[in-house]
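Here is how names work: the chains are called A, B, and so on, in the same order as the sequence lines, proteins then strands, and each is numbered from 1.
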Amino acid sequence: MPRFFLTTAIDYANGEPHLGHALEKIGADAIARLHRQLGYDVHLLIGMDEHGQKVAQTAEKQGVPPQQFVDSIAEQFQAMWARLGISHDQFIRTTAPAHKAAVTRLIEQIFAADASLPEERRNFYERSYTGMYCVGCESFKQPADIVDGTCTVHPTRTLEEVTEHNWFFRLSAYTAPLKALFAANPGFLEPESRRNEILQLLEQGLEDISASRSRFDWGVPFPRPLSNGDVQTTYVWFDALPNYWTARFFPGFDARAAWPADLHVIGKDITRFHCVIWPAMLMAAGEPLPAQVWAHGFISLGGERFSKSAGVKLTLGEAIDRYGVDAFRYYLLRDVPFDADGAFSWERFEEVYNSDLANTLGNLGSRSTAMIEKYRAGVVPGCSPDAELFAAHEASLAQARAAVDGARRYRPNEVVSALMDVARRTNEYIQRTQPWVLAKDPANAAALDTVLATLAGSLALCAAWLAPVMPQKMQALWEQLGGPGDVTAVRLDQPISAGDWTVAKGTPLFPKPEAPAL
RNA sequence: GGCUGGGUAGCUCAGCUGGUGAGAGCGCACGACUCAUAAUCGUGAGGUCGAGGGUUCGAUCCCCUCCCCAGCUACCA
């Protein structure tokens with residue numbers, strides 16, 4: 001069984017989970033579930049990035065120790081992922097001892113490689129950095145952030161010129177190797193628009209970056225002291241990025257988490273870190289690179305990019321409560337292409353729920369199970385389904401598969417649309433064959449058998465293929481059809497037959513909200 | 001400023017390397033049907049394919065200029 005190891009970005013522990021976090025997890029979860037049902041041995045890794053200055057500051061403002069603070073944030077995130085049905089195999093936290101030890105190990109691995117290099121080529125070296133420091137932000141400012149001698153956030157504070165002595169990482173040495181990587185394997189970063197940004201960056205040439213910090217200590221101590229004896233704190237990205245690599249050093253993890261990963265699912269705002277710094281670190285350490293990075297887009301709200309302030313207008317809880325978890329997952333995956341941005345709106349959510357879920361799919365389930373009960377006492381005829389219709393279905397399934405495990409990967413929204421094609425096509429088929437007319441004349445029994453078998457078979461396909469998107473609702477549909485066991489265990493790469501199942505029409509899968517009284 | 005991507009029916013978007021009548025879903029209008037969650041099916045509505053110019057026998061798709069939107073332009077993450 002081939003292995004598929006995918007990760008999401010670890011979420012920064014300085015606030016509550018919001019729609020943007022959810023989009024990434026739901027997308028990665030759908031990809032993971034689809035791969036499981038396609039026969040892969042999947043390992044989905046998610047987690048929290050809990051170090052760094054902002055976390056320490058936020059904890060201080062709330063008057064709690066940082067560890068206690070991140071513990072409560074991590075709890076909130078995990079509760080949300082459970083509620084959303086995220087099927088991760090591992091939840092990593094960068095404050096875990098196993099992670100911290102492994103980060104040290106990776107950095108030491110780079111130092112070990114440096115031992116055989118001449119000094120001017122070593123990856124880690126000490127250097128003084130002089131920059132404009134804003135006391136308000138407690139961080140150095142780049143020229144672009146400085147207007148009239150002050151930072152844009154704190155115009156009343158004067159910037160101070162501060163010199164800091166740090167460990168540096170020779171990122172500049174990786175300009176050429178990274179260019180070679182993209183030349184040999186353009187697909188390392190998808191989609192293409194994001195790749196172009198990185199290629200442009202490489203064209204400009206990379207600058208070295210600091211790998212340690214002196215101004216705060218909420219992090220992993222940098223493994224080697226400076227020549228003056230000071231022990232600094234590892235720069236957060238040298239702590240956060242390695243989580244993908246450190247996951248396998250946790251107790252109980254084995255080959256499924258073996259490095260390298262097959263896929264990093266990240267937001268488009270952090271491609272630079274995952275496609276430049278991270279591969280450079282791995283090259284320095286002599287480690288293999290992940291197979292692919294997928295940068296998804298963002299979801300906006302009311303025309304504005306999603307952020308904490310926008311989160312005030314929309315909490316995940318109310319979005320989930322509107323039509324249920326599965327409908328929320330469906331809406332996000334259906335309406336936000338995984339390679340571009342999308343917009344959230346209640347109007348659109350309602351439209352998608354009514355049209356796709358209630359009318360097209362839910363009603364197809366209702367009418368099909370009703371007819372099988374009415375005309376065949378609930379038993380699905382054992383004959384073959386309509387060959388022509390199923391040939392068309394097969395074409396849709398091929399598209400769905402290509403969208404997740406082929407030329408178009410990874411686009412769960414295309415899987416969703418391919419399966420809606422199946423449902424729509426089946427509704428047309430019903431209208432065309434008119435089973436209620438066939439049922440009136442016993443001479444048409446064989447034809448009616450074929451129609452009913454086709455309906456059950458088509459619905460079984462929908463249930464199995466949409467289970468990765470809507471696990472609970474599709475399990476309910478599967479049970480109404482009389483399918484055996486757990487729908488999430490159904491293999492998508494093998495034939496699915498509903499012959500001889502016993503259906504039981506239940507309550508509507510996607511009930512429409514009560515119409516307002518006029 | 002530089003770079004990248006985009007501007008196609010009311011809405012969300014497809015349209016591979018240029019070629020007979022520019023498409024889908026939703027919404028809308030009309031019609032059909034009754035198995036079904038007043039659901040479904042069919043038909044239609046005719047959008048200067050951002051603007052202007054160019055190349056070509058012919059361009060939504062190629063080139064140039066301009067306008068508008070989004071993103072990136074590196075150590076907060």
### Message
Once hydrogens and angles are ignored, does a donor-acceptor distance under 3.5 Å link the base of B:C76 to the side chain of A:Lys54?
### Response
yes

### Query
If only side-chain N and O atoms of A:Tyr235 are considered, is one of them under 4.0 Å from the OP1 or OP2 phosphate oxygen of B:A77?
yes

### Query
Is A:Asn14 near enough to B:A77 that one of its side-chain N or O atoms lies under 4.0 angstrom from OP1 or OP2?
no

### Query
For A:Tyr12, what residues pass the ring-ring contact (aromatic ring centres under 6.0 Å, His included) criterion, not counting sequence neighbours?
none

### Task
Select one nucleotide: of B:C33, B:C75, B:C72, the one nearest the side-chain heavy atoms of A:Arg213.
B:C75

### Task
Ignoring hydrogens and angles, state whether a donor on the side chain of A:Arg127 or A:Tyr125 is under 3.5 Å from an acceptor on the partner side chain.
yes

### Message
Nearest to the side chain of A:Glu428, heavy atoms from C-beta on, is which of B:C41, B:A77, B:A39?
### Response
B:C41

### Any A:Arg272 side-chain nitrogen or oxygen under 4.0 Å from OP1 or OP2 of B:U73
yes

### Query
With a 4.0 Å cut-off on heavy atoms, is A:Leu509 in touch with a base, just the backbone sugar-phosphate, or nothing at all?
base

N/O-N/O pairs, protein side and nucleotides 22-26 of chain B side, under 3.5 Å:
{"residue": "B:C26", "atom": "O2'", "partner": "A:Glu351", "partner atom": "OE2", "Å": "2.8"}

### Task
Answer yes or no: side-chain N or O of A:Asn363 and base N or O of B:A39 forming a donor-acceptor pair under 3.5 Å.
no

### Query
If you check the A:Met371 side chain, which of B:G71, B:A74, B:C35 turns out closest?
B:C35

### Task
Just call it for A:Leu206: base, sugar-phosphate, or nothing, with non-hydrogen atoms closer than 4.0 Å on any strand.
base

### Task
Could you tell me whether A:Asn413 contacts a base, only the sugar-phosphate backbone, or nothing, with contacts defined as non-hydrogen atoms closer than 4.0 Å?
nothing

### Task
Side chain of A:Asn427 only, please: which of B:U37, B:C41, B:A77 is the nearest?
B:C41

### Summary
Taking B:A77, B:U37, B:G71 as options, the one with an atom nearest any side-chain atom of A:Pro508 is B:U37

### Task
Sequence neighbours left out, what passes ring-ring contact (aromatic ring centres under 6.0 Å, His included) with A:Trp167? Give chain and number order.
A:Phe111, A:Phe222

### Query
Out of B:G71, B:A77, B:U37, which nucleotide sits closest to the side chain of A:Lys268?
B:G71

### Task
When you get a sec, tell me which of B:U34, B:U4, B:A32 is the closest nucleotide to the side chain of A:Trp436?
B:U34

### Task
Kindly give the heavy-atom pair with the smallest separation between A:Trp465 and A:Ala400, and that separation in Å.
CZ3-CB, 3.7 Å

